[in-house]
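First listed ligand is number 1; within each ligand, the first listed atom is number 1.
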Amino acid sequence: MLDDDLRLTARAANPVGTVVEVRGVRIGGREVVIIAGPCAVESENQMLSAALAVKAGGASMLRGGAYKPRTSPYSFRGLALEGLRLLALARAETGLPVVTEVMDARHLPAVADVADVLQIGSRNMQNFTLLEEVGRSGMPVLLKRGMSATLSEYLQAAEYIMAAGNAELILCERGIRTFEPSTRNTLDLSAVPMLHRETHLPVLVDPSHGTGHAWMVPTLASAAVAAGADGLLVEVHCDPSSALSDGVNSLTPDVFAGMVEQVRRVAAAVGRAIL
Ligand code: PEP
Ligand code: MN
């Protein structure tokens, strides 16, 4: 279907499928992994309360951005090194492994020092020098689909990371730009079976950026798991109305916990379980 030169990412390169293990959490096995936390690290209180809430609600990994790619330079762009420190603190408090974005190769040593998984954001999917750097790091990488990238372009970007010597790679569909303005992006759930068919890599879905509406997130989280997603990346904030980024698509802890229970039933119906 995607007849590019996919030497390392193609399903044929590892027909049984890749499992990426992060501090004992296995991504790509039978169990569906839930990664949750705020869009951005904002303060110690905000990060720790969100971390404890997502752990209580059923998450097995923690997310939070210390370096935020924002459309406007005047928006909150993250706490940088202080954000990384707070992520390490949240991991120490909860035991949850940390996923955080690296926006620039110059930040990689500091981010790699704290992160358990390096996230490459949608806007950097084709930052080829950054892809090679995270490839050389050998650390687990979560590569998000570019907002205007075809699946072929996406897998060629993934190929850059693997070609640099890194097999610890996780894919994540996060919505693509279409002509439909009622959602922030159009969540392309057909990407899940297509990526599973064409590659051996674990495939996550991010229904938060994929929809831009908190109320729609639980429904599309369920749909993603029904479509075979190996995990979810979900934004959660204890007070979404005060969030410094993406409050509109952030779930409260209560709604998050309800979503996990709903997704648990869907997972069981398709022969999976929630980790
Ligand atoms: C994020 O997950 O924090 C993020 C910025 O998402 P994306 O790169 O998909 O826009
Ligand atoms: Mn966000």
Side-chain angles (χ1 to χ4, degrees), residues 33-42 46-47 50-51 54 59 61-73 75-80 83-84 86-87 90 98-104 107 111 114-127 130-131 134 140-149 151 153-154 157-158 170-178 183-189 191 195 203-214 216-217 220-221 224 229 231-252 256:
V33 172
I34 301 197
I35 306 170
C39 181
V41 184
E42 300 170 7
Q46 173 258 7
M47 190 62 223
V54 300
M61 292 183 75
L62 188 60
R63 64 149 289 143
Y67 293 90
K68 295 302 303 176
R70 301 302 299 274
T71 301
S72 166
S75 299
F76 176 66
R77 289 155 68 190
L79 297 180
L84 294 174
L86 296 176
L87 284 167
V98 166
V99 181
T100 196
E101 178 163 353
V102 56
M103 270 179 60
D104 189 299
H107 306 151
V111 176
V114 166
D116 296 299
V117 177
L118 298 169
Q119 179 171 318
I120 300 293
S122 193
R123 291 155 192 79
N124 266 322
M125 188 206 83
Q126 283 187 317
N127 183 336
L130 181 60
L131 298 180
V134 300
V141 175
L142 192 169
L143 176 66
K144 298 188 90 175
R145 181 181 183 181
M147 61 184 76
S148 301
L151 292 178
E153 289 163 342
Y154 186 25
I170 303 157
L171 301 175
C172 182
E173 160 62 32
R174 51 76 74 201
I176 52 176
R177 286 212 157 158
T178 68
T183 45
R184 178 172 171 180
N185 290 290
T186 296
L187 188 63
D188 180 12
L189 287 182
L195 290 170
V203 179
L204 308 185
V205 169
D206 169 354
S208 303
H209 298 93
T211 63
H213 297 299
M216 201 184 276
V217 168
L220 285 186
L232 299 167
L233 184 69
V234 180
E235 290 188 341
V236 176
H237 196 290
C238 291
D239 180 15
S241 65
S242 74
L244 297 180
S245 78
D246 285 353
V248 289
N249 57 240
S250 296
L251 303 182
T252 60
F256 172 70

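Between M125 and L143, the closest heavy-atom pair is CG-CD1, 4.1 Å.
Inclusion of D206 in the set of residues having an N or O under 3.5 Å from an N or O of ligand 1 is not warranted.
Distances from ligand 1 to the non-hydrogen atoms of Q119 include at least one value under 4.0 Å.
Side-chain N/O atoms of H209 and D206 include a donor and acceptor closer than 3.5 Å. Judged purely by distance below 3.5 Å, without hydrogens or angles, the side chains of S241 and D239 pair a donor atom with an acceptor atom.
The Mn ion (ligand 2) forms the vertex of an angle spanning NE2 of H209 and OE2 of E235; to the nearest 10 degrees it equals 90°.
For atom 8 (O) of ligand 1, the nearest non-hydrogen atom of the protein is S122 N, 2.8 Å. In terms of protein heavy atoms, atom 9 (O) of ligand 1 is closest to R174 NE, 2.7 Å. Of the protein's non-hydrogen atoms, the one nearest atom 6 (O) of ligand 1 is K144 NZ, 2.9 Å. Of the protein's heavy atoms, E101 OE1, 3.7 Å lies nearest to atom 5 (C) of ligand 1.
Counting heavy-atom neighbours within 6.0 Å of R77 CZ, excluding the residue itself, gives a total of 12 or less.
Side-chain atoms of Y154 and R145, non-hydrogen and from C-beta on, do get closer than 4.5 Å to each other.
By the criterion of a heavy-atom distance under 4.0 Å, neither the backbone nor the side chain of M147 is placed next to ligand 1.
Of all the atoms in ligand 1, the ones that sit under 4.0 Å from a non-hydrogen atom of K68 are 1 (C), 3 (O), 5 (C).
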